[in-house]
Chemist: 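Take this structure first; my questions come after.
Proteins get letters first, then strands, A, B, ... in listed order; numbering begins at 1 in each. Since the model is a prediction, treat every value here as computed from it, not as a measurement. Below, each value reflects all heavy atoms present in this structure, side chains not excepted, and no hydrogens, waters or symmetry copies.
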Amino acid sequence: MLAVLTSKPAAMPELPEVEITRRGIEPHVSGQRIGEVVTRHLGLRYPFPPQLRECLIGQRVTAVRRRAKYILLDAGDYVLLLHLGMSGSLRIFPRDTPAGKHDHFDLVLGEKVLRLRDPRRFGAVLLLEPPAEQHALLATLGCEPLADDFDGEVLYAMSRGRRTPIKPFIMDAHRIVGVGNIYASESLFRARIHPATPAGQLNRKHCRVLADAIKQTLQDALAAGGSSLKDFVHSDGASGYFQQQYAVYGRDNQPCRVCGATVERHVMAQRATFCCPVCQKTANTRGISRAKSGT
DNA sequence: CCACGCTCCTGCGCGC
DNA sequence: TGCGCGCAGGAGCGTG
């Protein structure tokens, strides 16, 4: 059984995974009263707030929301903020299910427990006072890419005069939230835009195509994850992240699925970046180091 | 304000 | 077969 649980995740929790997680736990969490709070480690990215138990026990969870990659539980006088980092997962178990090595945080709700597992401990558990949106972590966040108020015009406006390559640009949560390293490369491929293109060099049409590509890429991932909703209840193989077929991510030195050219790997802002040099010609690629393909 | 790079942590893959 | 090094990644934060 444990062997199944250790199968490696296919991808980090990006926005679609977080939203699927939210939907998966919501029916088991919303409306429930918090009976107990358990921490098994000093903390994750931040130390666990010392007042977690006293503030949360007895509160009723009235909503399970998401902002960017943060999951927010409205719990009476407080808002519990959860972040999955890069290896975190939230699952529902029968209460009294023995905790595993990386199970760092439990919220006991009736006969069930909401459990945060995070091997690499990049995740976060914080206690906020409403309105949570005013908290420093949330107040400066950018657009929700799937919302109607994000579109090509917005992307065009925010990128004027910016010399940052478009790939790290769309990954900056202060502009657009939830576009992680994987979907950044995938979205740019879908838009046929080279990741090194200076953001300010994109024209209106580029921006419209890219905004649409981001939405479509995230929505496709959401759809792929939708079928795994039932997995959020215990027993599950913690199947976790949805296995998807990527166009370019992680495919360096393999043929482009569209044109057959060899997919390249570059390092951009310290992050692995994948692109097809033939399909993605959009712009000024001078100065891009022909990075040795990793591994 | 902007651009960039460091950092946290741990599992895993690779090279020897 | 075993060991150890280095990478991967979200996002805050420090620096120039």
Chemist: Which whole-number value in Å describes the distance from A/M268 CE to C/dA8 P?
Modeler: 14 Å

Chemist: Between A/K101 and B/dT10, is there a contact of a side-chain N or O with OP1 or OP2 at under 4.0 Å?
Modeler: no

Chemist: Among the candidates C/dG12, C/dG10, B/dT10, find the nucleotide nearest to the side-chain atoms of A/E14.
Modeler: C/dG10

Chemist: Just N and O in the side chain of A/Y46: are any of them under 4.0 Å from OP1 or OP2 of B/dT7?
Modeler: no

Chemist: Please report the distance, rounded to the nearest Å, between CZ in A/R271 and P in C/dG12.
Modeler: 13 Å

Chemist: What is the distance, rounded to the nearest whole Å, between atom CZ of A/F122 and atom P of C/dA8?
Modeler: 13 Å

Chemist: Report which part of the nucleic acid A/A272 touches: base, sugar-phosphate, or nothing (heavy-atom distance under 4.0 Å, all strands).
Modeler: sugar-phosphate

Chemist: If only side-chain N and O atoms count, and only distance matters, is there a donor-acceptor pair under 3.5 Å linking A/H266 with A/E264?
Modeler: yes

Chemist: Can you tell which of C/dA11, B/dG5, C/dA8 lies closest to the side chain of A/K69?
Modeler: C/dA11

Chemist: Please name the pair of heavy atoms, one in A/R204 and one in A/E153, separated by the smallest distance, quoted to 0.1 Å.
Modeler: NE-OE2, 2.8 Å

Chemist: Answer with yes or no whether the side chains of A/S87 and A/D118 bring together a donor and an acceptor at under 3.5 Å.
Modeler: yes

Chemist: Could you state the atom-to-atom distance from CZ of A/R163 to C1' of B/dC4 in whole Å?
Modeler: 12 Å

Chemist: Taking the six-membered ring of A/F93 as reference, does the NZ or CZ atom of A/R95 fall below 6.0 Å from its centre and within a 45° cone about the axis?
Modeler: no

Chemist: Separation of A/L141 atom CG from C/dG10 atom C1', in whole Å?
Modeler: 12 Å

Chemist: Using purine N1 to pyrimidine N3 plus N6-O4 or O6-N4 for Watson-Crick, or N1-O2 and O6-N3 for G-U wobble, both under 3.5 Å, which nucleotide pairs with C/dT1?
Modeler: none

Chemist: Grab the CZ-C1' distance between A/F169 and B/dC1 for me, whole Å please.
Modeler: 13 Å

Chemist: Which listed nucleotide (C/dG10, B/dC6, C/dC7) is nearest to the side chain of A/R265?
Modeler: C/dC7

Chemist: Using a cut-off of strictly less than 4.0 Å, decide whether A/R45 has a side-chain nitrogen or oxygen near OP1 or OP2 of B/dC8.
Modeler: no

Chemist: Between A/H174 and B/dC2, does any side-chain N or O lie under 4.0 Å from OP1 or OP2?
Modeler: no

Chemist: Return the value, rounded to whole Å, for the distance between atom CZ of A/R67 and atom P of C/dG10.
Modeler: 18 Å

Chemist: Should the pair A/R160 and A/Y156 be classed as cation-pi, given the thresholds of under 6.0 Å to the six-membered ring centre and 45° from the axis?
Modeler: yes

Chemist: Looking at C/dC7, C/dA11, B/dC4, which one has an atom nearest to any side-chain atom of A/H83?
Modeler: C/dA11

Chemist: Nearest whole angstrom, please: distance from the C1' of C/dG10 to the CG of A/L44.
Modeler: 13 Å

